[in-house]
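Quick notes on the structure that follows.
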Amino acid sequence: MHKKTSFLFNNYAFLFCFLFSTVSVNAQQIFSNNKYPLTYFRQPLDITPPALAGSFGEIRGNHFHSGIDFRTNQREGYPVYAVADGYISRLRVQNSGFGQALYINHPNGFTTVYGHLQRFAPKIASIVKNLEYEKKSFELDEFPNEALIPVRKGEIIAWSGNRGSSGGPHLHFEIRDSKTEETINPQFFGIDIPDNIPPVIYSLYAYRLNGKVFNESTPKQAIAISGANGNYKATAPISLTGEVGFGVVTTDRHNGLSGTNGVYSIQLELDGKMVYTSALERFAFEDSKAINSHIDYPTFLNTKRSIQKSFVDPGNPLSIYSNLVNNGRINFNDGAVHQLRYTITDSKGNASTLSFSVHAGNVPVSATVIPSGIIYPYNKVNEFNNDEVKVTFPKGTLYSDLAFTYKMLPKPQGNAYSAIHQIHNRYTPLHIGFDLWIKADNLPEQLREKALIVNTNGSSQGGYFDNGFVKATPKNFGSFYIAVDTVAPRIAPVNISEGKNMAGLAKIFFRISDNLSGIKSFNGYIDGKWVLMEFDTKTATLWHSFDERTSTGKHTLELVVIDMKENTRKYSVNFYR
């Protein structure tokens, strides 16, 4: 049974006045019955008017966007403010992800998150740097007690940046439930973004389901629509027979300098009765990958077009759905004409509608064809074994029952120690990884510790040798084989060379990379003592910022970079300060 978010219609006037003050909201407008504080938090930036490069719940690769991205005029270095009193509850430094991030716990039971920061405020930066030297690690994930770093509302805690997996300068901002750690739409808390623009609806699709599991073979029909400014309709009559699901492509913009953002809610009515609702009020991080079940995943892989399905797979764990009738699957078999309407709403309450009618057939749909392949139920542990490969799908891996297929292909040329094993196909999304064992073929004993599994795109899946097999946990279906990684990472100095005087420079820069398994660690030493090296994954740039630890005179720097298969590269150089 699906978890369902509880929604109320226009009967909380206080929330209506805040969220939807700029528009007239009809009877179909939905919003949460949870009561969030509307004046407790201030804006995290003083840029006016505020503008977003990404909205809450926006569709991203393999996840829903967990917060809102504030634009910073394509620049770094804007002051970031604590949005309310509280204390720093988490200090996070990563090579990728949020890069540098701060978490603040507030007395009202919520936690705010600030990501992709350029630098921390001095008192925080000092604590972070001391911890990094204490642990001899650039990456940190520390949880200070509430007495260590208290903050006041409006206090500068950092400056905005572009660290981690950011695609450009901006501030990533979240509000989370401190107990459940669910992330919540910040616009429910008075984080106001000027917006009186309704969502845009680009296209409508009908899927011929007829009792079958949705997959890459499901027939899909594009239905022509027209309209603008919140009012859309189908341009021609539609005739459908049997069980059908619908999907839409839709985005949103706000006033001013707006990116193309996601919408808040999608509702579908059949003859005046709601049969499907999704609303992005909040979600749990462990469920975020189910975005691949929420959308037409095969179409996304092929075209990068995000069609949001209005029918729900049985194994989809997301709690964003409500008002489901038959999980959004509609039977058109009575010969009548039915009226359907989508209502799509943004976080400010601006709504667009798409109306269309369907002439239902009355000819019985032919019996369901039994699909080829081994049927694996979505709600059980499933296993596949033969002499060359073993596969285990833990419960919760699949969103729907699967007609599993497998094929063994010839061993590829070059660095390969097994045949290629085609594990189903890439068009079926998985919620969690599956366990894969591949039998090694003529793998020399001295290379066993270097063995790993790769897919046919050359991407490492990790893995280790055990009792004649190499085991890994891929996150997606595909074609896999055993390879070995015996090549050490590459170190390329950028601004340092033997005997160079670095007195006028604040930092030493390197570029580092690895050919296959990925970089596991990097450590720098000046005159034999560990020094902090910082790394940015998206640019593959590694650097050390000089401080009081490096005095004037001659010094020796040693840099050691190790990959996931323990291949090691060392670089040593003398320099002057």
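As the structure is a computational prediction, the values presented were derived from the model and not from experiment. Here, residue 1 is the first one in the sequence, and each next residue gets the next number.
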Side-chain heavy atoms of [X] within contact of [Y], under 4.5 Å:
{"X": "Ile68", "Y": "Glu58", "answer": "no"}
{"X": "Asn316", "Y": "Tyr321", "answer": "yes"}
{"X": "Tyr342", "Y": "Thr353", "answer": "no"}
{"X": "Arg329", "Y": "Asn326", "answer": "yes"}
{"X": "Gln461", "Y": "Phe480", "answer": "yes"}
{"X": "Tyr202", "Y": "Ile307", "answer": "no"}
{"X": "Asp346", "Y": "Val263", "answer": "no"}

Determine the interplanar angle of the [X] and [Y] rings, folded into 0 to 90°, and report it as parallel if under 30°, tilted if 30 to 60°, perpendicular if over 60°.
{"X": "His106", "Y": "Phe41", "value": "perpendicular"}
{"X": "Phe246", "Y": "Phe332", "value": "perpendicular"}
{"X": "His116", "Y": "His172", "value": "perpendicular"}
{"X": "Phe188", "Y": "Tyr264", "value": "perpendicular"}

Will you find, in the side chains of [X] and [Y], an N or O donor that is under 3.5 Å from an N or O acceptor?
{"X": "Asn323", "Y": "Thr277", "answer": "yes"}
{"X": "Tyr36", "Y": "Glu281", "answer": "yes"}
{"X": "Glu216", "Y": "Asn425", "answer": "yes"}
{"X": "Arg305", "Y": "Ser203", "answer": "yes"}
{"X": "Asn62", "Y": "Asn292", "answer": "yes"}

>> Does Lys220 form a side chain to side chain donor-acceptor pair (under 3.5 Å) with Thr299? I'd like the steps, not just the answer.
In response: CA-CA 10 Å; Lys220 177 171 80 253; Thr299 294; 3.0 Å; yes
Are [X] and [Y], when compared by the centres of their aromatic rings, separated by less than 6.0 Å?
{"X": "Phe404", "Y": "Phe393", "result": "yes"}
{"X": "Tyr376", "Y": "Phe384", "result": "no"}
{"X": "Tyr297", "Y": "Tyr427", "result": "no"}
{"X": "His431", "Y": "Tyr399", "result": "yes"}

> Taking it one step at a time, do Thr343 and Gln267 satisfy side chain to side chain donor-acceptor pair (under 3.5 Å)?
Replying inline: CA-CA 5 Å; Thr343 302; Gln267 296 177 279; 5.0 Å; no
> Which residue, Tyr114, Phe98, Tyr103, forms the ring pair (Phe, Tyr, Trp, His ring centres under 6.0 Å) with Phe173?
Replying inline: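 Checked Tyr114, Phe98, Tyr103 against Phe173; only one passes ring pair (Phe, Tyr, Trp, His ring centres under 6.0 Å): Tyr114.
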Gap between atom [atom2] of [Y] and atom [atom1] of [X] - 0.5 Å precision:
{"X": "Ile438", "Y": "Ile482", "atom1": "CD1", "atom2": "CD1", "value": "5.5 Å"}
{"X": "Ile420", "Y": "Ser479", "atom1": "CD1", "atom2": "OG", "value": "6.5 Å"}
{"X": "Thr111", "Y": "Ile184", "atom1": "OG1", "atom2": "CD1", "value": "9.5 Å"}
{"X": "Ile453", "Y": "Ser418", "atom1": "CD1", "atom2": "OG", "value": "7.5 Å"}
{"X": "Leu209", "Y": "Tyr207", "atom1": "CG", "atom2": "OH", "value": "9.5 Å"}
{"X": "Leu340", "Y": "Ser357", "atom1": "CG", "atom2": "OG", "value": "8.5 Å"}

>> Using ring-ring contact (aromatic ring centres under 6.0 Å, His included), reason through Phe283 and Phe56 one step at a time and then give a plain yes or no.
In response: CA-CA 10 Å; Phe283 61 84; Phe56 181 83; 5.5 Å; yes
> Can you list the steps and then say if Val389 with Leu436 is a side-chain contact (heavy atoms from CB on, under 4.5 Å)?
Replying inline: CA-CA 7 Å; Val389 68; Leu436 172 64; 3.6 Å; yes
How far apart are the closest heavy atoms of [X] and [Y], and which atoms are they?
{"X": "Thr473", "Y": "Asp435", "value": "OG1-OD1, 3.3 Å"}
{"X": "Ile59", "Y": "Ser306", "value": "CG2-OG, 3.6 Å"}
{"X": "Arg426", "Y": "Leu301", "value": "O-CD1, 3.2 Å"}
{"X": "Ile344", "Y": "Thr250", "value": "CG2-OG1, 3.7 Å"}

>> Using a 6.0 Å cut-off, check whether atom CD of Gln339 has over 12 heavy atoms from anything other than its own residue.
In response: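 Yes, the 6.0 Å shell around CD holds more than 12 heavy atoms from other groups.
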>> Around atom NZ of Lys395, are there more than 12 heavy atoms from other residues, nucleotides or ligands closer than 6.0 Å?
In response: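 Not more than 12 within 6.0 Å, no.
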>> Between Asn350 and Thr345, is the side-chain contact (heavy atoms from CB on, under 4.5 Å) condition met? List the steps.
In response: CA-CA 6 Å; Asn350 305 296; Thr345 310; over 6 Å; no
> Run the side-chain contact (heavy atoms from CB on, under 4.5 Å) check on Leu240 and Gln221 step by step: do they pass?
Replying inline: CA-CA 10 Å; Leu240 296 170; Gln221 175 184 345; 3.7 Å; yes
Test: [X] and [Y] ion pair at under 4.0 Å:
{"X": "Asp296", "Y": "Lys304", "result": "no"}
{"X": "Arg341", "Y": "Glu269", "result": "yes"}
{"X": "Arg282", "Y": "Asp177", "result": "yes"}
{"X": "Arg253", "Y": "Asp195", "result": "no"}

Distance-only check: which donor-acceptor pairs under 3.5 Å involve side-chain atoms of residues 229-239, not counting sequence neighbours?
unit_1 : atom_1 : unit_2 : atom_2 : d
Thr235 : OG1    : Ala224 : O      : 3.3

> How far apart are the C-alpha atoms of Arg71 and Leu171, what are their side-chain angles, what is the distance that settles it, and do they pass the side-chain contact (heavy atoms from CB on, under 4.5 Å) test?
Replying inline: CA-CA 7 Å; Arg71 288 177 174 268; Leu171 174 68; over 6 Å; no
> Sequence neighbours excluded, which residues qualify as ring pair (Phe, Tyr, Trp, His ring centres under 6.0 Å) partners of His359?
Replying inline: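 Checked His359 against ring pair (Phe, Tyr, Trp, His ring centres under 6.0 Å); zero matches.
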> Does Lys411 count as lying over the ring of Tyr481, i.e. NZ or CZ under 6.0 Å from the six-ring centre, within 45 degrees of the axis?
Replying inline: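 That pair does not qualify as a cation-pi contact.
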> So Phe311 and Tyr276, ring-ring contact (aromatic ring centres under 6.0 Å, His included) or not? Walk me through it.
Replying inline: CA-CA 7 Å; Phe311 53 98; Tyr276 170 90; 8.6 Å; no
>> Tell me whether Asn331 contacts the main-chain N or O of Asn333 through its side chain, where contact means a donor paired with an acceptor under 3.5 Å.
In response: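 Side chain of Asn331 to backbone of Asn333, a donor-acceptor pair under 3.5 Å: no, none is there.
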> Do Phe64 and His294 pass the ring-ring contact (aromatic ring centres under 6.0 Å, His included) test, and can you show the C-alpha distance, the side-chain angles, and the key distance before you say yes or no?
Replying inline: CA-CA 10 Å; Phe64 289 99; His294 178 74; 5.7 Å; yes
